[in-house]
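Here the structure comes first, spelled out in structure tokens, and everything after it is commentary.
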Amino acid sequence: MLDILKQFTWVQDDLEMDGSFNVECYLSHTGHFGTGRSFGWWTAELSFHHTHDCHWGLALLEDQHLSDREGWKLPDNQIPWLKFEASGASLRPQAPPSFEHNWASSYKWRGLPAESPACLLLHWPLTVYRLLFILGLVATEIPKERRHLLVHLVGIEMEVDFLPM
């Protein structure tokens, strides 16, 4: 993960003396570290807490899901919008996606600036996307008929809250 993070300018300021990057310190520094809905998709079980009081997946049971703005808690230009109309963007990303499987290419495809820390959360869905691509299950052109795919994810207590993302 460190090699991936070094691609981003915002990581350089928070590298430790040994070259490591403490994600929790960075998130705390930017006001994104904590537990509960008020932290949006950045909510995390506090590592010093160890009581496992987090109730992952409950956000999906709520009547109203977080909007992109509420979930990301980033400046508008740094949000990888799910609903492009809300972003004010004039162009949607090309569909189906056609980017090299790296962060720079993915960010460019989504129209995100390198200053966006979105990769700290997007590594979950992009990892699944990469696996589906490797298995040959990602269309290279818009299909004439939709295919159904059932993906079983095991041990994703925390990641299930990212499904709206």
Side-chain angles (χ1 to χ4, degrees), residues 1-12 15 19-24 26-27 32 39-45 54-62 64-165:
M1 178 87 160
L2 184 59
D3 288 336
I4 293 170
L5 289 174
K6 285 183 178 178
Q7 298 176 46
F8 299 98
T9 55
W10 48 267
V11 171
Q12 306 308 317
L15 284 176
S20 64
F21 180 74
N22 187 323
V23 174
E24 290 177 349
Y26 171 78
L27 292 176
H32 291 107
F39 289 93
W41 290 319
W42 301 98
T43 191
E45 184 175 18
C54 290
H55 302 287
W56 304 117
L58 291 180
L60 290 176
L61 298 176
E62 294 179 4
Q64 184 73 25
H65 293 158
L66 294 172
S67 68
D68 289 341
R69 194 171 279 122
E70 293 167 329
W72 283 104
K73 303 210 173 286
L74 293 171
D76 282 359
N77 71 324
Q78 294 183 17
I79 294 174
W81 297 91
L82 185 60
K83 296 179 180 172
F84 299 104
E85 303 78 32
S87 73
S90 57
L91 296 174
R92 295 176 150 229
Q94 177 185 350
S98 63
F99 55 85
E100 297 173 32
H101 293 237
N102 60 52
W103 284 109
S105 180
S106 173
Y107 264 47
K108 183 177 177 184
W109 175 73
R110 287 301 302 259
L112 290 174
E115 295 80 34
S116 175
C119 69
L120 293 174
L121 295 180
L122 286 178
H123 70 280
W124 300 112
L126 285 177
T127 297
V128 172
Y129 177 82
R130 177 69 178 154
L131 290 170
L132 295 173
F133 179 85
I134 289 171
L135 293 171
L137 298 171
V138 173
T140 55
E141 55 187 51
I142 297 175
K144 292 180 174 52
E145 291 183 31
R146 288 189 175 258
R147 297 183 339 192
H148 294 278
L149 175 66
L150 179 62
V151 178
H152 295 274
L153 301 174
V154 179
I156 60 158
E157 295 83 7
M158 182 174 79
E159 295 82 0
V160 77
D161 281 337
F162 300 149
L163 287 177
M165 195 188 309

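Quick note: residue numbers are just sequence positions, from 1.
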My understanding is that only residues two or more places apart in sequence, or in another chain, count here; which of them pass ring pair (Phe, Tyr, Trp, His ring centres under 6.0 Å) with Phe133? His101
Between [X] and [Y] (side chain of the first, backbone of the second, donor and acceptor by atom type, cut-off under 3.5 Å), is there such a pair?
X      : Y      : result
Thr127 : His123 : yes
Trp81  : Arg110 : no
Tyr129 : Val138 : no

Mutual orientation of the aromatic rings belonging to Trp72 and Trp42 [parallel < 30°, tilted 30-60°, perpendicular > 60°]: perpendicular
Does a side-chain heavy-atom distance below 4.5 Å link [X] with [Y]?
X      : Y      : answer
Leu149 : Leu132 : yes
Leu27  : Leu120 : yes
Tyr26  : His32  : no

Which heavy atom of Ile79 sits nearest to which heavy atom of Arg69, and what is that distance? CD1-CA, 4.0 Å
Over all atoms of both residues, closest heavy-atom pair of Pro113 and Gln78: CG-CG, 4.0 Å
Any chance you could lay out the side-chain contact (heavy atoms from CB on, under 4.5 Å) test for Leu112 and Trp103, step after step, and finish with the verdict? CA-CA 10 Å; Leu112 290 174; Trp103 284 109; over 6 Å; no
Take atom NZ of Lys73 as the centre, draw a 6.0 Å sphere, and report whether it contains more than 12 heavy atoms from other residues, nucleotides or ligands. yes
Hits for side-chain hydrogen bond (donor to acceptor under 3.5 Å, both in side chains) against Glu115, two or more places apart or cross-chain, chain-then-number order -> none
